[in-house]
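In what follows, every chain begins at residue 1, and chains take the letters A, B, ... in the order their sequences are listed.
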Number of protein chains: 2
Amino acid sequence: MSTTADLQRRAERITEDLRLVNDLAPVQRRVVKAGEVLYRPGQALDNVFLVSTGMFKSTTLSADGREKVIGFHPKGSWLGFEALAEGRHANEMVALDVAELVVLDYEALLESSARHPALMRLVHRAMSLEQARQRESLLAMGTLPADARVADFLFEWAEAMAAAGLRNDQLRLRMTRADIGSYLGLTIETVSRAFSRLQRHDLIRFDEPSRREIRIPHVDALARFVQQSASAAALH
Amino acid sequence: MSTTADLQRRAERITEDLRLVNDLAPVQRRVVKAGEVLYRPGQALDNVFLVSTGMFKSTTLSADGREKVIGFHPKGSWLGFEALAEGRHANEMVALDVAELVVLDYEALLESSARHPALMRLVHRAMSLEQARQRESLLAMGTLPADARVADFLFEWAEAMAAAGLRNDQLRLRMTRADIGSYLGLTIETVSRAFSRLQRHDLIRFDEPSRREIRIPHVDALARFVQQSASAAALH
DNA sequence: CGAACGGTTGAGAGAACTCAACTGAAGTGG
DNA sequence: CCACTTCAGTTGAGTTCTCTCAACCGTTCG
């Protein structure tokens with residue numbers, strides 16, 4: 001769990017990064033519609049992106065046809081770095097929302113960052129942050145039971161919202177239960193049941209009957225629930 | 001699965017990277033003993049490392065005390081980039097072997113890579129490759145049953161050995177069953193049973209009674225087994 | 001209006017986990 | 001040098017959790 005000061009600092013960093021990129025590198029802006037695909041696996045790397053509003057979903061595909069949602073990417077996320085290894089994109093990236101992006105030509109970004117150490121540091125930090133996000137996912141999938149995994153997902157999201165300077169007690173689920181299940185390594189039914197159980201424990205509330213709008217009465221309680229589930233499993 | 005040509009190219013790239021780093025950045029060399037800790041969570045980032053021989057294990061720790069093995073890092077791996085996000089290391093990194101490292105001062109690496117675009121690209125590619133490795137782990141943990149996860153682990157390792165220019169039909173398990181279980185999100189017992197079942201299907205062989213030395217009669221058969229397990233789960 | 005889709009819930013099956021016993025190897029100390 | 005302890009690993013039995021299969025509901029869309 002992060003302190004309020006941490007979240008404050010992260011929010012400032014996102015704003016500062018957006019400004020710095022604007023000042024030091026040649027950028028374009030782009031608006032995408034919900035459902036629009038930013039890039040697909042195999043596509044050559046030309047641009048990288050910085051999310052200024054909206055939310056994206058990344059999906060990966062193995063050689064033998066397995067598919068999995070790898071992450072959800074809110075404001076402040078960099079998109080496209082996964083392509084640097086091979087020069088071609090490894091993921092599919094889809095907008096879940098109307099979204100706004102800062103578009104950077106990768107080659108131009110390289111040049112700019114050679115001239116501006118601050119920009120190079122920023123890029124390195126962004127890549128490392130993406131690694132940290134994936135590490136969190138690995139940890140959750142490897143150590144938490146289903147209900148706690150869903151709770152952790154909501155909690156991490158709430159923190160990301162707060163870090164982006166947005167309200168974090170109210171989440172609009174832009175992705176389907178299938179997406180969440182794929183992301184967490186669970187089936188649709190298990191995700192659905194987990195939501196119901198969290199609701200029963202009053203850790204979340206559904207205001208609308210559509211069950212896509214989630215209110216989190218006590219964000220801390222979610223984190224406590226995750227912690228308890230983990231330590232229960234860790235005992236013995 | 002990768003083609004022989006792919007593996008060949010990856011092997012060449014590792015050699016070339018080691019040479020390039022040597023030529024373009026100020027480096028030191030370091031030998032560590034088995035069990036030696038390279039860095040711990042919270043420790044300030046000063047150096048990053050490139051593994052020239054041996055194998056490392058990285059472990060992460062959550063705020064609420066959950067612990068998990070995040071990866072195993074053979075020759076050609078870069079270590080320490082996970083610290084760029086916060087300026088402090090997020091993982092613990094331990095040598096499983098006597099190992100040899102190229103040590104680079106991070107600040108000096110930044111300076112050198114500002115002058116040498118090839119070096120900057122190399123560093124970006126290395127970070128992206130680490131991301132790809134974690135993505136593979138996520139995919140395996142999220143989509144494969146226990147036996148296939150263990151098989152996939154062995155297969156990926158065999159490929160990494162081949163990519164490092166080493167023989168890939170004979171693996172010496174330097175980590176414990178507990179490490180493997182933690183890495184794959186399974187218990188010790190499940191890992192042990194999975195090994196026994198793979199042995200029964202002649203996908204692996206134990207030459208020594210210690211069951212730490214694994215022979216893989218047909219590397220392709222392992223990949224096929226993973227694929228079959230996946231498609232069986234994906235049907236319907 | 002009917003079809004398609006996303007989501008929820010129940011019942012039963014199956015997979016992985018827990019608990020426990022046992023083995024062999026490696027240290028440790030008398 | 002040999003009991004004794006410790007540790008890694010294997011295997012069995014029973015339990016628990018998640019998945020599968022199926023029915024059902026509400027919304028959206030042609």
Do we see a donor-acceptor contact under 3.5 Å between the side chains of A:T190 and A:R149?
-> no

Tell me what B:R197 touches on the nucleic acid: a base, only sugar-phosphate, or nothing, going by heavy atoms under 4.0 Å.
-> nothing

Test of ring centre spacing under 6.0 Å for B:F56 and B:F72 = no

Partner of B:M161 under side-chain contact (heavy atoms from CB on, under 4.5 Å), chosen from B:D169, B:V219, B:N168 = B:N168

Report which part of the nucleic acid B:R212 touches: base, sugar-phosphate, or nothing (heavy-atom distance under 4.0 Å, all strands).
-> sugar-phosphate

B:I204 has an atom CD1; how far is it from atom P of D:dG9, in whole Å?
-> 13 Å

Using whole Å, report how far CD1 of B:I188 lies from P of C:dC22.
-> 19 Å

Please figure out whether A:E189 or A:A146 has its closest DNA chain D nucleotide nearer the 5' end.
-> A:A146

Under the criterion ring pair (Phe, Tyr, Trp, His ring centres under 6.0 Å), which of A:F49, A:Y39, A:F81 is the partner of A:H89?
-> A:Y39

Side-chain N or O of B:T190 less than 4.0 angstrom from OP1 or OP2 on C:dA16?
-> no

Does B:R177 make a side-chain N or O approach to OP1 or OP2 of D:dT10 shorter than 4.0 Å?
-> yes

Under 4.0 angstrom between B:R211 side-chain N/O and D:dA8 OP1 or OP2 = no

Touch check for B:G181, heavy atoms < 4.0 angstrom, all strands: base, sugar-phosphate only, or nothing?
-> nothing

Without swapping roles, check the side chain of B:R174 against the backbone of B:L96 for a donor-acceptor pair under 3.5 Å.
-> no

Of the nucleotides C:dT9, C:dG7, C:dC17, which one has an atom closest to the side chain of A:R193?
-> C:dT9

For atom CZ of B:F195 and atom P of D:dT10, their distance in whole Å | 8 Å

Side chain of B:S192 only, please: which of C:dA11, D:dT10, D:dT18 is the nearest?
-> D:dT10

Atom-to-atom span, CG of A:L96 to C1' of C:dG6 - whole angstrom = 15 Å

When all nucleic acid strands are considered with a 4.0 Å heavy-atom cut-off, which category describes B:S196: base, sugar-phosphate, or nothing?
-> sugar-phosphate

